[in-house]
Amino acid sequence: MQDPNEDTEWNDILRDFGILPPKEEPKDEIEEMVLRLQKEAMVKPYEKMTLAELKETEDEFDDEDMRAIEIYREKRLQEWKVLKKKQKFGELREISGNQYVNEVTNAEKDVWVIIHLYRSSIPMCLLVNQHLSLLARKFPETKFVKAIVNSCIEHYHDNCLPTIFVYKNGQIEGKFIGIIECGGINLKLEELEWKLAEVGAIQTDLEENPKRAIVDVMVSSIRNTSIYDDTDSSNSDNEDTK
């Protein structure tokens, strides 16, 4: 079969009658490169600069550029403010009892606050503090604080520790009181993350409850043990009948 792109007189005749499509012109790589460079040159240099770099080089631009720079600078500044607002916390801070109202109950509007009441002599409390410290860095838009329980509540019973309260707009949205509610002495970081996400205090990227896999294994083990026991009992009954 003859190549329709072949440069022949017969193909030219067929193209004139519209039987063949117009001949494809070979792409000029140099021309393409020039067009690409021109397109890149149309991007103003300030669109790739930080706010500090804009300040240093603003004398190099003309009036039109300066007007565009001011608009761009304001846009970048607003984006930076939004980012800083979302990431204003990022650590587990220690507070005292007399700071509770200002830091927790009267915290900023729509800000989630997680407070851990603890006693350093209780190992589970130390584990929760360790996990919360990591979660505070992972979710800097949420406020994480801790307080020695005696400074907040007098005569609080050790059986109620650790205690985690979750606040938003002055209201308690979630609470975990005691070792069992907090997840047990073998509490994993992901398990605590899931608990706080269920309340709404953080936006986790976990797709399912990490505790569920453990529960499924336990249920499966119990079921298998039950079947095994039933089988042994059945065999024993058969032997007694004989």
Side-chain angles (χ1 to χ4, degrees), residues 80-219:
W80 179 79
K81 287 181 178 179
V82 170
L83 182 62
K84 292 296 289 183
K85 186 176 181 180
K86 287 183 177 180
Q87 299 182 348
K88 64 188 302 182
F89 304 113
E91 64 177 348
L92 176 64
R93 292 194 301 109
E94 181 90 32
I95 65 171
S96 59
N98 58 15
Q99 294 176 295
Y100 195 108
V101 173
N102 287 334
E103 293 284 350
V104 181
T105 311
N106 293 340
E108 298 91 327
K109 183 180 178 181
D110 295 331
V111 170
W112 287 93
V113 182
I114 297 169
I115 179 166
H116 175 214
L117 301 179
Y118 75 99
R119 205 185 306 279
S120 58
S121 59
I122 298 178
M124 179 67 181
C125 289
L126 299 180
L127 177 63
V128 169
N129 276 339
Q130 181 179 340
H131 288 341
L132 290 178
S133 181
L134 294 173
L135 292 175
R137 290 200 288 269
K138 184 176 181 180
F139 302 100
E141 68 279 4
T142 298
K143 182 189 249 186
F144 288 80
V145 294
K146 61 181 179 178
I148 296 175
V149 66
N150 289 349
S151 70
C152 301
I153 308 173
E154 292 186 2
H155 311 302
Y156 198 70
H157 204 285
D158 283 1
N159 289 344
C160 296
L161 296 176
T163 291
I164 300 174
F165 290 133
V166 180
Y167 281 79
K168 185 178 182 183
N169 295 328
Q171 301 297 319
I172 294 180
E173 300 293 338
K175 55 185 177 181
F176 307 96
I177 300 175
I179 291 176
I180 300 301
E181 287 191 15
C182 285
I185 59 175
N186 295 317
L187 177 68
K188 301 292 189 297
L189 176 64
E190 294 78 9
E191 294 168 4
L192 182 55
E193 180 177 335
W194 185 265
K195 282 179 174 292
L196 297 176
E198 283 189 312
V199 177
I202 57 178
Q203 299 296 318
T204 182
D205 53 4
L206 297 174
E207 296 181 357
E208 63 178 12
N209 187 350
K211 195 83 171 180
R212 183 178 300 171
I214 299 175
V215 173
D216 290 344
V217 170
M218 292 176 62
V219 171

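FYI, the numbering just counts along the sequence from 1.
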*Check the pair Glu190, Leu206 against side chain to side chain contact (heavy atoms under 4.5 Å, CB included), reporting the backbone distance first and the verdict last.*
CA-CA 8 Å; Glu190 294 78 9; Leu206 297 174; 4.1 Å; yes
Can you find a heavy atom in the side chain of [X] that is under 4.5 Å from one in the side chain of [Y]?
| X | Y | result |
| --- | --- | --- |
| Tyr118 | Val128 | no |
| Ile185 | Ile179 | yes |
| Arg93 | Glu103 | yes |
| Leu192 | Phe176 | no |
| Phe139 | Glu141 | yes |
| Glu193 | Asp205 | yes |
| Val113 | Phe144 | no |
| Pro140 | Glu91 | no |

Is a side-chain donor or acceptor of [X] paired with a backbone partner of [Y] at a separation under 3.5 angstrom?
| X | Y | answer |
| --- | --- | --- |
| Thr163 | Cys160 | yes |
| His116 | Leu92 | no |
| Gln99 | Ser96 | yes |

Which atom names give the shortest non-hydrogen contact between [X] and [Y], and what distance separates them?
| X | Y | value |
| --- | --- | --- |
| Arg119 | Cys125 | O-CB, 3.4 Å |
| Ala201 | Ile114 | CB-CD1, 3.9 Å |
| Gly97 | Cys152 | CA-SG, 3.8 Å |
| Phe165 | Ile172 | CD2-CD1, 4.4 Å |
| Pro162 | Cys182 | O-SG, 3.5 Å |
| Lys211 | Gly183 | NZ-O, 3.4 Å |

Straight-line distance of [X] [atom1] to [Y] [atom2], nearest 0.5 Å:
| X | Y | atom1 | atom2 | answer |
| --- | --- | --- | --- | --- |
| Thr105 | Asn102 | OG1 | CG | 9.0 Å |
| Lys109 | Asn169 | NZ | CG | 7.0 Å |
| Lys188 | Leu127 | NZ | CG | 9.0 Å |
| Ile202 | Leu196 | CD1 | CG | 5.0 Å |
| Leu117 | Leu161 | CG | CG | 7.5 Å |
| Ile177 | Asn159 | CD1 | CG | 12.0 Å |

*Output, in order, the C-alpha distance, side-chain angles, deciding distance and verdict of side chain to side chain contact (heavy atoms under 4.5 Å, CB included) for Lys175 and Ile164.*
CA-CA 6 Å; Lys175 55 185 177 181; Ile164 300 174; over 6 Å; no
_CA sep, side-chain torsions, deciding dist, call: Val145, Lys143, side chain to side chain contact (heavy atoms under 4.5 Å, CB included)_ = CA-CA 7 Å; Val145 294; Lys143 182 189 249 186; 4.1 Å; yes
*Give the C-alpha distance, both sets of side-chain angles, the deciding distance and a yes or no for side chain to side chain contact (heavy atoms under 4.5 Å, CB included) between Lys168 and Asp110.*
CA-CA 6 Å; Lys168 185 178 182 183; Asp110 295 331; 4.1 Å; yes
*asked:* So that I can tick it off, tell me whether Glu94 and Lys146 are bridged by a salt bridge, with the cut-off set at under 4.0 angstrom between side-chain N and carboxylate O.
replied: yes
*Hey, are Gln130 and Ser133 close enough side-chain-wise for a donor-acceptor pair under 3.5 Å?*
no
*Assess the side chains of Tyr100 and Ser151: does a donor N or O sit below 3.5 Å from an acceptor N or O?*
no
*Check the surroundings of atom CD in Glu154: do more than 12 heavy atoms from other residues, nucleotides or ligands lie under 6.0 Å from it?*
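Not buried by this count: 12 neighbours or fewer within 6.0 Å.
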*Is it true that atom NZ of Lys138 has more than 12 heavy atoms of other residues, nucleotides or ligands lying nearer than 6.0 Å?*
yes
